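A quick write-up on the structure given underneath.
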Amino acid sequence: MSPIRRHASVPFPLNFGKPAMSAIRHALNTKREDDFAAWYQEVISAADMAEESGVRGCMVIKPWGYGIWERMQRLLDDRIKAAGVQNAYFPLFIPLANFTREAEHVDGFAKEMAVVTHHRLIADGKGGLVPDPEAKLEEPLVVRPTSETIIGDAMSRWIQSWRDLPLRLNQWANVVRWEMRTRMFLRTSEFLWQEGHTAHATEEEAKAETMRALEMYRAFAEEDVALPVIAGEKPENERFPGAVETWSIEAMMQDGKALQAGTSHYLGTNFAQAADIHYQNREGREELCHTVSWGMSTRMVGGLIMTHGDDDGLRVPPALAPFQVVILPMLRDKPEDAPLLAYCEELRAMIAGQGALGEPVRVLHDTRPGKAAAKRWDWVRKGAPVIIEVGGRDMENGAVSLLRRDALWDAETGKPAFQSPSREVAAQSVPTILADIQNGLLVEARERREAHIVRDIDTMEGLAAFFGEDRKYPGWVEVQWSKPTGAALEKVVEQLKALKLTLRNVPMHVPPADGTCIFTGDPAVERVFVARAY
RNA sequence: CGGGGAGUGGCGCAGCCUGGUAGCGCAUCUGUUUUGGGAACAGAGGGUCGCAGGUUCGAAUCCUGUCUCCCCGACCA
């Protein structure tokens, strides 16, 4: 068996005469239920989103995958700017000394940093090149794993007075963390993200910013990615190195595992102290700033796949689809194609002239040579929300054949569930269909999540049974706990580790605790999610 | 980093044990016939077998090193 099951290899799975549902000839070889990890990789390759690069842990993001990321960037950036945060850009290289200033931060990242030590290569005499020993850097440069320290440097220069506060910056950038084990989009050595960094006069303001960013991520995830999430505070052991509080949004994947999809950290004055970010207050006294950082990464693309993908490939929420509608003329490579192309072009213009989800509809008239049916399956695997095929007969009837990606199959026949509206009706209904798909994906994901959250387990035995070997994709458990700290928390973490479980977050807006702690037996003070995690 | 597996035309694989002309399927290209649904037939192009050394008359095959990928573990805002 080869390392990666690439999609093109085996044309299609064979299906032996079974009626109805089971006769459906899915567009992927691997089903989610058979091997979720293999399915995930097949979606990425079949939807042409990304591929391995030959550099450890680094991927090439192909146009369809990158197009989805660009849409995420656009929509989140709009939200960031609407909140009054300004974009800026800081260097990729960070002086090593910056990292020695905040002790916990160093400990957290030291083991996974890429370091630049030379600035020149020299021939090794054997036809190769090696770093020139003469060109060794006086002080090594770290490739940023995150930019708190270098942005902190800038903040310390830019902030003098209480009038300079709050200072709220964001940058879109790549970062590098030398992870032991990588998975496309979910954990790559290099990844793309945005990181917001803000400085405030008071703890109160900084905490408000922390919560603002968290709420922004929740809204982005649910409204744009159609990804239902649970916002809450991370337990102490899951905190960002150097943070006072770490908050996250957590999403449930179709295999029941949790994915941290965005984080917001209240850093207290820890980084301000390390980078000397201080200001003169209204009374003329020097005060340290309270800083905050928040981030969302290309990991979100992985979350999208594992939430909305199905056995036919990806389903991209319309808000994020680079093309929301794809028109496929049934070409014959003959002169008679001309009127059909003109008919489709008119359809394209009708659709492009409309708005959906607050933007002009993004429609592609795919006129590449090739059979419409073959191209259709490509677009199904890529997850374009609406596919419209048009043949000569449609044209004669003034109609089109419309296929919704979220309702692909006719269960009766086991064939694609084409509708045949008139061209005008099809064009006019696109905005409604797109909005319906966007909402439908969110509802479907939320219902699936709620069906896989259990809240009535109050013993470790019960927890172990819930996540037992026979339970394939169990889900999450919300338990009550006494919020132990320090060594007592470590003990809990060890207990959970034995079951391959982690503490996710302490959800907001839930009823107060009213029972005993599942771990310690003490009176519980809050509720926390326990799950397997990516 | 520990254990296991794998790198051979674009993709999936066989060949390796037992060294001797680099093969198969899919994809691609050309032609013909088809085509309202994931076409058929015929022909053709494309690989210094991950990389670097070594053994040998001769290495995809044996030996050493190294890089990359996959799975499990450890690690991981």
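The shown structure was predicted, so the numbers you read here are calculated from the model rather than taken from an experiment. So you know, we letter chains A, B, ... as the sequences are listed, proteins then strands, and number each from 1.
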Work out how far the [atom1] atom of [N] is from that of [M], and round it to whole angstrom.
N      : M      : atom1 : answer
B:rG19 : B:rG54 : C1'   : 15 Å
B:rC24 : B:rG47 : P     : 15 Å
B:rA77 : B:rG15 : P     : 44 Å
B:rA60 : B:rU21 : C1'   : 14 Å
B:rC49 : B:rG9  : P     : 10 Å
B:rU48 : B:rU28 : C1'   : 22 Å
B:rG7  : B:rA44 : P     : 30 Å
B:rU66 : B:rA59 : P     : 24 Å

Which ranges of RNA chain B pair up as stems, where a stem means three or more consecutive Watson-Crick or G-U pairs with both distances under 3.5 Å?
B:1-7 with B:67-73, B:10-13 with B:23-26, B:28-33 with B:39-44, B:50-54 with B:62-66
Over how many whole Å does the gap from [X] atom [atom1] to [N] atom [atom2] extend?
X      : N      : atom1 : atom2 : result
A:Y534 : B:rC71 : OH    : C1'   : 14 Å
A:E42  : B:rG12 : CD    : P     : 12 Å
A:E238 : B:rC75 : CD    : P     : 12 Å
A:R183 : B:rC75 : CZ    : C1'   : 15 Å
A:R532 : B:rC72 : CZ    : P     : 12 Å
A:Q41  : B:rG12 : CD    : P     : 12 Å
A:W178 : B:rU68 : CH2   : P     : 8 Å
A:R504 : B:rC76 : CZ    : C1'   : 11 Å

Any side-chain donor near an acceptor of the partner, A:D366 and A:W379, under 3.5 Å
yes
Under 3.5 Å donor-acceptor pair, A:R181 side-chain atoms to B:rC75 base atoms:
no
Does any donor-acceptor pair link the side chain of A:R177 with the base of B:rA77 at a separation under 3.5 Å?
yes
Think A:K497 has a side-chain N or O under 4.0 angstrom from the OP1 or OP2 of B:rC75?
yes
Below 4.0 angstrom from OP1 or OP2 of B:rG73, is there any side-chain N or O of A:K500?
yes
With a distance cut-off below 6.0 Å to the six-membered ring centre and an angular limit of 45° from the axis, does A:R212 pair with A:W294 as a cation-pi contact?
yes
For A:Y534, all residues meeting side chain to side chain donor-acceptor pair (under 3.5 Å), sequence neighbours excluded:
A:D255
Pick one: which of A:K31, A:R405, A:R32 meets salt bridge (Lys or Arg N to Asp or Glu O under 4.0 Å) with A:D310?
A:R405
What's the separation between atom CD1 in A:I327 and atom CZ in A:R348, rounded to the nearest 0.5 Å?
7.5 Å
Proximity to the side chain of [X] - top-ranked nucleotide from [options]:
X      : options                : answer
A:R187 : B:rA77, B:rU35, B:rC76 : B:rC76
A:H265 : B:rU35, B:rC71, B:rA77 : B:rA77
A:K371 : B:rA39, B:rC71, B:rC69 : B:rA39
A:K111 : B:rU35, B:rA77, B:rC76 : B:rC76

Pick the nucleotide of RNA chain B nearest each of A:Q260 and A:R376; which residue has the one closer to the 5' end?
A:R376
Return whichever of A:G57 or A:V175 has its heavy-atom-nearest nucleotide of RNA chain B closer to the 5' end.
A:G57
Students often get this wrong, so: under 4.0 angstrom with heavy atoms, is [X] touching a base, only sugar-phosphate, or nothing?
X      : result
A:S401 : base
A:G295 : nothing
A:R239 : sugar-phosphate

Are A:H197 and A:F90 close enough that their ring centers fall under 6.0 Å?
no
For A:W69 together with A:W193, are the ring centres under 6.0 Å from each other?
no
Going by heavy atoms in the side chains, are A:L28 and A:T30 under 4.5 Å from each other?
no
Might you confirm whether atom NZ of A:K257 has over 12 heavy atoms from other residues, nucleotides or ligands at distances under 6.0 Å?
yes
